[in-house]
2 protein chains.
Amino acid sequence: MDARQVQQVRRFNRVVTWRIGALQNSYLHRGRPLGEARLIFETGQQGASVRALRTRLGLDSGYVSRLLRSLEGQGLLSVGKQRGDGRQRRVTLTSTGQAEFAAYEKLSDELAESILAPLGAKQRDRLVSAMAEIERLIRAAAVDVQVEAPDSADARWCVDAYFRELAERFETGFDPAKSNPAHDDELTPPAGYFVVARLEAAPVGCGALKRTEKRTGEIKRMWTAPSARGLGVARRILHFLEAIARDSGLKTLRLETNRALTEAQALYRQEGYREVARFNDEPYAHHWFEKQLRRARPTPGSATAPARRSSARPGR
Amino acid sequence: MDARQVQQVRRFNRVVTWRIGALQNSYLHRGRPLGEARLIFETGQQGASVRALRTRLGLDSGYVSRLLRSLEGQGLLSVGKQRGDGRQRRVTLTSTGQAEFAAYEKLSDELAESILAPLGAKQRDRLVSAMAEIERLIRAAAVDVQVEAPDSADARWCVDAYFRELAERFETGFDPAKSNPAHDDELTPPAGYFVVARLEAAPVGCGALKRTEKRTGEIKRMWTAPSARGLGVARRILHFLEAIARDSGLKTLRLETNRALTEAQALYRQEGYREVARFNDEPYAHHWFEKQLRRARPTPGSATAPARRSSARPGR
DNA sequence: GCATTTACCTGACTAAAGTCAGGAAATGGA
DNA sequence: TCCATTTCCTGACTTTAGTCAGGTAAATGC
């Protein structure tokens, strides 16, 4: 990896994290322990479930409980049962709590303003657009791709959303029943693989690899959630699937696509897929692609030999 | 201030600071309390004085002392007297400590690499250049301009560096004795003002305002340290001096400059100074400029009505 | 209807972080 | 020489953050 790039990232971490982090601490406690402040902030105007707070803040269940009792004692929030499931509890800010929340909002604004204030108009514009870029790319880097059972809740959710989008975008509409099927067992290892991309635990895309012959596989179900487009999610999924394919001895990958999906075609071409003659009878397809896999390509940083599972799970 | 810009800065703070901050904590502990880790890191290979550590880390004197004892106990560093002043103490890493330091360096690299790793080459380039931009601008925003006595240590340091630079850049060399003088009392309020720009406590530029007539003043001693060029320091100083001038009832500002200082001329022209006929006999000058001040100009964010002193001082 | 599981709470801890008052040694100015 | 100041250290705290092992009530599966 390029050492100069690494140095730049380190300098950035140092300057930005120290400076903004320090400001954030001094601004955002308001005389209150940081944990409590974060909890108020995270609860927000619409309230939240205890579980959501726990996972979003990454805190121990007992600890959150204690923070909640303390804030309840200060009259800032109330905890009640969730409708539907009496085990879960719903946290809501009282009116005092709302006022505190508003104060934190104001401080956040002031903090942001204090960063912009010393700069001239042109410098501000540049700062803001560089920030937007970094935010986008850091989010992109936080996307996590994992193999998953094709009948898991998130996998189903992705596929449903995918089919709904196809129905909307294809000139002819889309009926899954009329399309070439890919059954769950064809997408379950070792016959095939279904992968889900996640951003902060929420699914934002999927893709699948189906083994069709000894040395040939097909890419299916490539989809990115609208909220996550422009982050390179599809490319990450594709690289991940290719790495799996390579690992399991495939030499050739194929896929078909509809002419309405122009951005998909652009991706495939960029990634080295060549258009070939129709190789199946998929009724919704207009274009057929193929790529010969090479072993261990030296492109740095792409998802080579991905771990099949990683990442920490919620709290207890 | 533009609300969209504020929102973008807030999003950035949230996403980037949380993410990188969290990574940094998880990476940089190495099983050791964060305070100790930071101290090792901050001491570095060349060592540091206790005072420097205290101010750089912003910690209580007693606390630092305790951390030092603990690390000394672990054989990671040794604390000895500073040559010159026997009260001050100098912290140096032992060879074990150096090894720890190297390990932290390596982890910092790895952290940076982990941020770059999931991205493709093009995305990396964009991330890195956006980071460079932000680092630059955040540093620029952290520059702090203050009125100061012209005989203070930092003021002297700046003026010396300024004269040395003039001697190097003027075709004819530069001898302060031959130039029109500006005595300390002429640059001390209310006769005049000397301002020093600082970045993280280190002086990085200066400038002065000298009242010459009831309604007319002169800008002198405008200088930016080479290490801080491109951050808009000179512009900040100029705005600051103009605001003071306006506050003290001046209507006209004048200044002269040498033809070798092209970037200074560009700044003055940009800031609304018009070239005028020679108004004094300064032997080193080739260009004379003048600007009519308006009251309370609406340019947002420039240093209008600056506080004469601010910013927190060290710890105890 | 009963065993499990889930979601949250409580009590009893520990470690880390930070604060404060006072005290000793070195220095510098009167 | 003496006194005020600076620099650092020590001891005695408090607060915050976080962990862990149970425990209870609601929901779920069989």
Side-chain angles (χ1 to χ4, degrees), chain A residues 21-22 24-26 28-40 42-43 47-74 77-92 153 312-316, chain B residues 21-22 24-26 28-40 42-43 47-74 77-92 153 312-316:
Chain A
Q24 220 153 25
N25 288 352
S26 69
L28 300 184
H29 322 139
R30 282 175 57 72
R32 205 189 303 286
L34 199 65
E36 290 187 12
R38 288 214 291 156
L39 213 144
I40 292 174
E42 208 64 46
T43 302
S49 71
V50 172
R51 154 150 285 251
L53 293 174
R54 209 165 47 215
T55 50
R56 265 188 269 166
L57 295 170
L59 298 176
D60 173 87
S61 144
Y63 187 28
V64 167
S65 203
R66 205 175 323 285
L67 289 173
L68 287 172
R69 289 303 83 66
S70 159
L71 290 168
E72 226 172 7
Q74 297 169 50
L77 49 78
S78 66
V79 181
K81 296 210 177 213
Q82 184 108 351
R83 274 182 309 139
D85 188 335
R87 289 169 304 180
Q88 290 195 35
R89 308 197 67 196
R90 180 136 201 103
V91 183
T92 345
R313 291 289 92 199
R316 45 182 223 112
Chain B
Q24 220 153 23
N25 288 354
S26 70
L28 299 185
H29 270 137
R30 284 176 54 73
R32 204 190 302 287
L34 199 65
E36 291 186 12
R38 289 214 290 155
L39 212 144
I40 293 174
E42 207 64 46
T43 301
S49 71
V50 172
R51 153 150 288 250
L53 293 174
R54 208 164 51 214
T55 51
R56 265 188 269 168
L57 295 170
L59 297 176
D60 174 88
S61 144
Y63 188 29
V64 168
S65 202
R66 207 174 321 285
L67 289 174
L68 286 173
R69 289 303 84 65
S70 160
L71 290 168
E72 224 173 7
Q74 296 168 51
L77 48 79
S78 66
V79 180
K81 296 208 178 218
Q82 183 108 354
R83 273 181 311 140
D85 187 335
R87 289 169 304 182
Q88 291 195 35
R89 308 197 67 194
R90 178 135 201 104
V91 183
T92 345
R313 289 291 92 197
R316 42 180 229 112

Note to self: Quick check: any donor-acceptor pair below 3.5 Å linking the side-chain of B/Arg87 to the base of D/dT6?
What the structure shows: yes

Check: B/Val50 side chain: which of D/dC9, C/dC9, D/dA27 is closest?
Finding: D/dC9

Note to self: Could you check whether any side-chain heavy atom of A/Arg69 comes within less than 4.5 Å of a side-chain heavy atom of A/Val79, counting everything from C-beta outward?
What the structure shows: yes

Note to self: Just N and O in the side chain of A/Arg89: are any of them under 4.0 Å from OP1 or OP2 of C/dA7?
What the structure shows: no

Next item on the list: Mind checking A/Gly58 for me? I need base, sugar-phosphate or nothing, with any heavy atom below 4.0 Å counting as a touch.
Entry: nothing

Notebook entry, point to check: Among C/dA17, D/dC8, C/dC8, which is the nearest nucleotide to the side chain of B/Leu34?
Noted result: C/dA17

Next item on the list: Could you check which of C/dA26, D/dC20, D/dC8 has an atom nearest any side-chain atom of A/Asp60?
Entry: D/dC20

Next item on the list: Take atom CG of A/Leu57 and atom C1' of D/dG18, then tell me their distance rounded to the nearest Å.
Entry: 14 Å

Note to self: Need one value for B/Arg66: base, sugar-phosphate or nothing, where a base atom within 4.0 Å counts as base even if backbone is also close, heavy atoms only.
What the structure shows: base

Notebook entry, point to check: Which nucleotide, C/dT19, C/dT27, D/dA17, lies nearest any side-chain atom of B/Tyr63?
Noted result: C/dT19

Notebook entry, point to check: Taking the side chain of B/Pro33 as heavy atoms from C-beta outward, which of D/dC9, C/dA16, C/dA7 is closest to it?
Noted result: C/dA16

Check: Considering only heavy atoms from C-beta outward, does the side chain of A/Leu57 approach that of A/Val64 to under 4.5 Å?
Finding: no

Check: What is the distance, rounded to the nearest whole Å, between atom CZ of B/Arg51 and atom C1' of C/dA26?
Finding: 15 Å

Next item on the list: Would you mind telling me which of D/dC9, D/dG18, C/dA25 lies closest to the side-chain atoms of A/Leu59?
Entry: D/dG18

